[in-house]
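For clarity, every value in this text was computed on a predicted model and none was experimentally measured. Letters go in sequence order (proteins before strands), and every chain restarts at 1.
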Amino acid sequence: MNRLTLEEQKRLLEERYSWVLEKAKKRQVEEKRLPPLPGGEEGKVVTRFAPNPDFVIHLGNARPAILSHEYARMYKGRFILRFEDTDPRTKRPLAEAYSLIKEDLRWLGIRWDEEYIQSLRMPIYYDIARRLIERGGAYVDDRPVEEFRRYRDEGRLEEYPPRRRSIEENLELWDKMLEGHFGEGEAVLRVKTDPRHPDPSVRDWVAFRIIDTGRSPHPLVGDRYTVWPTYNFAAAVDDHLLGVTHILRAKEHMQNTVKQSFLYKHMGWKYPHVIHFGRLKLEGFVMSKSALKKLLEEGIFLGIDDPRFGTIAGLRRRGIDPEAIRRVILDVGVKGTDASISYANLAAVNRSIVDPKARRFMVVFEPVELVVRGVPEARRLTIPFHPENRSLGERSIEVPKGEARFYISGRDAAALREGGIVRLVEAFNVKVERVSPRRVEAVFHSWGLEEARKAKAPIIHWVPAGQVVEVTVYKPEGLKLRILHGLGERALADARRGEIVQFLREGFYRIDAVSREQGEVVAIHAHD
RNA sequence: GCCGCGGUAGUAUAGCCCGGUCAAGUAUGCGGGCCUUUCGAGCCCGUGACCCGGGUUCAAAUCCCGGCCGCGGCACCA
């Protein structure tokens, strides 16, 4: 084929294999692209990912992160990372979470152009609050909540006395709030909205409340502040100040968009474009932060990155390639409906990414001894780590002359019949003589693959006795973790921690721990 | 209950804005075959969906109305 000229090759390709071309063309066209952003202009798009650092992120959080990042890149714009940590009381930030989240994002291939932490921007929020009051867009409410609710729910919010205060009075009370004249729960700053808005929660929502940081200190700023902006205030202000043009967020924020737009109106700002998408669920995985926290407290889990968790760290530890996560999220896209991804689907995508680069190793579970007599000569078998990708290298295994001992998997041993021929993959063929539960006896038959084919012999994997490493495998099954023990070939002791490998005929695994001295390996099952 | 959003095969998604080319595309799953020194990969064939009911129209997955179902919100959380 390569002796033909390029022209001849082309012609041949077109005549006889045009479908290959069409397929290739098709694939290019179908390479998943995100739909264009409304009002998206090249070089001018600014997006952000704004996690609460109260825990690590999971697959659901990764969606806005990846989509926002992807859009910023697509339009050659800016991507901002912003930590929203303005509730030291009920959603207390976790000091480690800031860096854990960044680690997860980097692993996902996300790079941010700017980084902000809201708890470090408090003076900015205070300043905007003052300007908002000066514009008559907010008032201090120092009455008990019940009273506010009564007015609100009776549709008489216009008559609510604090709402009717003068700007001067509000400025004074605001200063008092900042000076610490009020305790927790004694005063809030409310944004004036449509007092008759159909959604009561929109009516005069809270922009700032008082949190006793003496009792619940903030991990970054301790008790320096007691007047804290709510999510809606801080996020809205920052989106404007940082020049965010497009907000991509889950639909639980829909009402927040409505609330925040009142603030924008008061300030004369233009609200960014917003895209709301549905929730993303990974079937069979625990996703909710609170549920995860609870499980962790109960023990019995390997940590925040337990492979049974839908956290990014958990998926990483399980052997999922970041590219697989990216593809799945891009495939799910920006639809408003909830999506439920099956692990089979994620696994299929992952397999296609990992398969070309995963080294193959032989590991047998429930090992059964196989004794082969009559090996005609000693041989040093050189076996590549990957059937197609030779750049992954090879290892050699010695087979002695005469009697050779191996281990094969219990499952394969159980399927053997006396008198049958079986091929030890990449080695030779044997004829089975005796099968007992713990031991199989066989006699050398032939070296060649052809003979095995002719005899329709099954091809099984094996491990040479005396040259093994102990393999412990964790196999996540829902919330259970099955533990399997096996024997692996010696070369496995050289695997790198974190490497994703294939155990021949047993599926893909991530190497979780290696102890070369002890000859022990721990691996986590990713998928078949 | 109130406010809002949405419903395409088992799952996910394309198409819906700008009705016909859609007896609906793709991926994954599932069934079968080929290939292969793996039960992996690759290749081929098959399977299977427009929530329901009305309306508009020559023509509706696409537009309109109603119903049903799902989801989100209704915090001094994010």
* Which part of the nucleic acid, if any, lies within contact of A:Asp87, taking any heavy atom under 4.0 Å across all strands shown: a base, the sugar-phosphate backbone alone, or nothing? -> sugar-phosphate

* Short side-chain N/O contact to B:U13 OP1/OP2 from A:Lys335, under 4.0 Å -> yes

* Span that lies between the P atom of B:G70 and that of B:G15, in whole angstrom -> 27 Å

* Between the side chains of A:Asp199 and A:Ser201, is a donor N or O closer than 3.5 angstrom to an acceptor N or O? -> yes

* Hey, does A:Val328 reach any base, or is it just sugar-phosphate, or nothing, if we go heavy atoms under 4.0 Å? -> nothing

* Looking only at side-chain N and O atoms, does A:Arg63 come under 4.0 Å of OP1 or OP2 in B:A12? -> no

* Residue A:Asp331, side-chain heavy atoms: nucleotide from B:G73, B:U38, B:A12 that is nearest -> B:A12

* To do: Take A:Glu506 and A:Gln255, find for each the nucleotide of RNA chain B with the closest heavy atom, and name the residue whose nucleotide sits nearer the 5' end.
  => A:Glu506

* Structure fact -> By nearest-nucleotide position on RNA chain B, the 5'-leaning member of A:Arg423 and A:Pro51 is A:Arg423

* Could you verify whether a donor N or O on one side chain and an acceptor N or O on the other, from A:Tyr231 and A:Asn52, lie under 3.5 Å apart? => no

* To do: Just name whichever nucleotide pairs with B:G19, Watson-Crick or G-U, keeping both distances under 3.5 Å, else none.
  => none

* Asked: Got a donor-acceptor contact below 3.5 angstrom from the A:Asn350 side chain to the A:Asp321 backbone?
  -> yes

* To do: Scan A:Asn429 against the nucleic acid and name what it touches under 4.0 Å (heavy atoms): base, sugar-phosphate only, or nothing.
  => nothing

* To do: Find the partner of B:U28: check Watson-Crick (N1-N3 plus N6-O4 or O6-N4) and G-U wobble (N1-O2, O6-N3) distances, both under 3.5 Å, and reply none if neither fits.
  => B:G10

* Asked: Do the side-chain N and O atoms of A:Tyr125 and A:Asp238 include a donor-acceptor pair separated by under 3.5 angstrom?
  -> yes

* Structure fact -> Closest of B:A12, B:A78, B:C76 to the A:Thr86 side chain is B:A78

* Can you check the A:Asn350 CG to B:A27 P distance for me, whole Å? -> 19 Å

* **A:Arg89 vs B:C76: side-chain N/O to OP1/OP2 distance below 4.0 Å** => no

* Which one, B:G73, B:C76, B:U11, comes nearest to the side chain of A:Asn345? -> B:U11

* Please work out if A:Val188 contacts a base, only the sugar-phosphate, or nothing of the nucleic acid, heavy-atom cut-off 4.0 Å. => base

* Could you check whether A:Glu388 gets within reach of a base, just the sugar-phosphate, or nothing at all, counting any heavy atom under 4.0 Å? => base

* To do: With P as the reference atom in both, quote the distance from B:C64 to B:U57 in angstrom, rounded to an integer.
  => 16 Å

* Test applied, side chain to side chain donor-acceptor pair (under 3.5 Å); reference residue, A:Asp54; option that passes from A:Lys91, A:Lys289, A:Arg92 -> A:Lys289

* Asked: Of all the choices, B:C76, B:C74, B:G7, which nucleotide is nearest to the side chain of A:Arg190 once you look at every atom?
  -> B:C76

* Asked: At under 4.0 Å between heavy atoms, what does A:Gly185 touch on the DNA or RNA strands: base, sugar-phosphate, or nothing?
  -> base

* Any A:Arg209 side-chain nitrogen or oxygen under 4.0 Å from OP1 or OP2 of B:C77 -> yes

* Classify the nucleic acid contact of A:Pro356 as base, sugar-phosphate or nothing, counting any heavy atom under 4.0 Å across all strands shown. => nothing

* To do: Using only side-chain N and O atoms of A:Arg351, determine if any of them is under 4.0 Å from OP1 or OP2 of B:A41.
  => yes

* **Nucleotide forming a Watson-Crick or wobble pair with B:C50, both distances under 3.5 Å** => none

* To do: Could you tell me whether A:His253 contacts a base, only the sugar-phosphate backbone, or nothing, with contacts defined as non-hydrogen atoms closer than 4.0 Å?
  => base

* Taking only the side-chain heavy atoms of A:Phe508 (C-beta and beyond), determine which of B:G40, B:U28, B:U8 contains the nearest atom. => B:G40

* Do A:Arg326 and A:Glu323 meet the salt-bridge criterion of a basic N to acidic O distance under 4.0 Å? -> yes

* **Whole angstrom value for the distance that separates C1' of B:A12 from CG of A:Leu59** => 13 Å

